Amino acid sequence: MQKECIERIEACVNGLRLESSRKIDMIVLHCSATPQGRDVTVDDVRRWHLQRGFADVGYHFVIRLDGTVETGRAIDKVGAHCKGHNRNSIGICYVGGADDKLRSKDTRTLEQMHTLDLLLRRLREVYPKAVVRKHRELAATDCPGF
């Protein structure tokens, strides 16, 4: 990754509001289950979730292919990303997680991996007792594909 890309990602993550009035004890990792290389925005995911009857996008953060983090549901609001585990958790979704036949696959770009690592480090500073879990550890799913 180029220095400019790293600096852009760090500025993006460092500009996020991570403090919540909720008690946070878990961070849950997800994927959008979209084909490798197909970029989607938090607004796309929000539209999908609204079509499914959600009040808003279920995730607190969405990591785009270029490593940009977009804020989804307000961090002070309970998410809708992992049934039975939403009240005290933060949901992070990376764009991708599926091959061209929509089978589960780790499709994270280098930029997404860098962003996820940095975001998790920052969240663990704010919530040192929070455990990080993959969605598949808490539900019958292949999500997040890694």
Side-chain angles (χ1 to χ4, degrees), residues 1-2 5-6 8-10 12-18 20 22-146:
M1 257 187 315
Q2 294 183 355
C5 181
I6 293 170
R8 178 186 57 78
I9 288 170
E10 289 175 355
C12 183
V13 172
N14 289 335
L16 295 171
R17 178 177 174 268
L18 302 179
S20 175
R22 297 184 300 125
K23 177 184 179 267
I24 302 299
D25 58 19
M26 187 181 302
I27 301 163
V28 184
L29 307 179
H30 300 269
C31 67
S32 63
T34 50
Q36 184 170 0
R38 181 176 147 207
D39 201 17
V40 297
T41 68
V42 71
D43 288 332
D44 294 323
V45 179
R46 177 176 283 114
R47 188 178 68 254
W48 302 337
H49 285 186
L50 290 173
Q51 288 171 350
R52 291 176 57 196
F54 291 23
D56 191 7
V57 62
Y59 310 115
H60 296 96
F61 301 104
V62 173
I63 302 174
R64 306 266 310 268
L65 295 180
D66 69 355
T68 300
V69 181
E70 294 182 331
T71 301
R73 191 174 290 219
I75 200 155
D76 283 329
K77 303 281 185 184
V78 174
H81 56 90
C82 189
K83 189 173 182 177
H85 300 281
N86 290 314
R87 180 175 301 282
N88 296 328
S89 69
I90 292 172
I92 301 172
C93 174
Y94 82 91
V95 172
D99 66 15
D100 61 349
K101 297 198 183 332
L102 297 181
R103 293 177 298 221
S104 182
K105 179 182 178 185
D106 184 359
T107 64
R108 292 173 296 162
T109 64
L110 289 175
E111 294 84 359
Q112 286 175 309
M113 287 188 261
H114 181 70
T115 300
L116 183 57
D117 181 59
L118 183 59
L119 180 56
L120 287 174
R121 279 192 274 138
R122 291 273 328 281
L123 284 167
R124 294 298 308 273
E125 289 170 4
V126 178
Y127 309 102
K129 294 183 179 180
V131 295
V132 178
R133 294 287 182 258
K134 295 175 183 176
H135 187 197
R136 72 168 177 240
E137 294 177 282
L138 304 168
T141 178
D142 291 330
C143 178
F146 66 91

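Bear in mind that the values here come from a model prediction, so they are computed numbers and not experimental data.
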Which donor-acceptor pairs under 3.5 Å do the side chains of residues 49-59 make with protein atoms, sequence neighbours left out?
from, atom 1, to, atom 2, distance (Å)
His49, ND1, Gly58, N, 2.8
Asp56, OD1, Arg46, NE, 2.6

Pair Asp106, Arg108 - check salt bridge (charged side-chain N to carboxylate O under 4.0 Å, His left out), show working.
CA-CA 6 Å; Asp106 184 359; Arg108 292 173 296 162; 2.8 Å; yes
Indicate whether the side chain of Thr71 and that of Arg17 have a donor and an acceptor atom separated by less than 3.5 Å.
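No, no side-chain donor-acceptor pair sits under 3.5 Å.
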May I ask you to check whether Ser89 and His60 show a side-chain donor-acceptor distance below 3.5 Å?
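Their side chains do not contain a donor-acceptor pair, so the 3.5 Å distance test is not met.
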For side chain to side chain contact (heavy atoms under 4.5 Å, CB included), just list the numbers for Val78 and Arg22, CA-CA rounded to whole Å, side-chain angles, deciding distance to a tenth of an Å, and then say yes or no.
CA-CA 8 Å; Val78 174; Arg22 297 184 300 125; 4.0 Å; yes
Take atom NZ of Lys77 as the centre, draw a 6.0 Å sphere, and report whether it contains more than 12 heavy atoms from other residues, nucleotides or ligands.
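No, because the 6.0 Å sphere around NZ of Lys77 holds 12 heavy atoms or fewer from other groups.
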Show, in sequence, the C-alpha distance, side-chain angles and deciding distance for Arg8 and Thr68, and conclude whether the side chain to side chain donor-acceptor pair (under 3.5 Å) test is met.
CA-CA 8 Å; Arg8 178 186 57 78; Thr68 300; 2.9 Å; yes
Please find the pair of heavy atoms, one from [X] and one from [Y], that lie closest to each other, and give the distance.
X      : Y      : answer
Pro144 : Cys31  : O-CB, 3.6 Å
Leu102 : Ala98  : CA-CB, 3.8 Å
Arg133 : Leu138 : CB-CD1, 4.0 Å
Ile9   : Asp66  : CD1-O, 4.1 Å
His30  : Cys143 : CA-SG, 3.4 Å

Restricting to side-chain hydrogen bond (donor to acceptor under 3.5 Å, both in side chains), what partner residues turn up for Thr107, sequence neighbours left out?
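Residues passing side-chain hydrogen bond (donor to acceptor under 3.5 Å, both in side chains) with Thr107: none at all.
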Is there a side chain to side chain contact (heavy atoms under 4.5 Å, CB included) between Val132 and Met26 once you walk through the steps?
CA-CA 6 Å; Val132 178; Met26 187 181 302; over 6 Å; no
Whether the side chain of [X] engages the backbone of [Y] through a donor-acceptor N/O pair (distance < 3.5 Å, no angle test) should be reported.
X      : Y     : answer
Arg38  : Gly96 : no
Asn14  : Glu10 : yes
Asn86  : His81 : yes
Arg64  : Val40 : yes
Tyr127 : Leu18 : yes

Are [X] and [Y] ion-paired here, with the side-chain N under 4.0 Å from a carboxylate O?
X      : Y      : answer
Asp142 : Arg136 : no
Arg87  : Asp25  : no
Asp43  : Arg47  : no

Let me see the working for Trp48 and Thr34 under side chain to side chain contact (heavy atoms under 4.5 Å, CB included), right down to the final yes or no.
CA-CA 12 Å; Trp48 302 337; Thr34 50; 3.5 Å; yes
Nearest-0.5 Å distance that lies between atom [atom1] in [X] and atom [atom2] in [Y]:
X      : Y      : atom1 : atom2 : result
Asp117 : Gln112 : CG    : CD    : 13.5 Å
Cys93  : Leu116 : SG    : CG    : 10.5 Å
Leu16  : Leu118 : CG    : CG    : 9.0 Å
Glu137 : Leu29  : CD    : CG    : 8.5 Å
Ser32  : Ile63  : OG    : CD1   : 11.0 Å
Gln36  : Thr109 : CD    : OG1   : 10.0 Å

Within the 4.5 Å heavy-atom criterion, are Leu120 and Ile27 side-chain neighbours or not?
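In contact.
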Reference residue Ile24; test side chain to side chain contact (heavy atoms under 4.5 Å, CB included); the match among Ile75, Ile90, Leu123:
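Single side chain to side chain contact (heavy atoms under 4.5 Å, CB included) partner of Ile24 among Ile75, Ile90, Leu123: Ile90.
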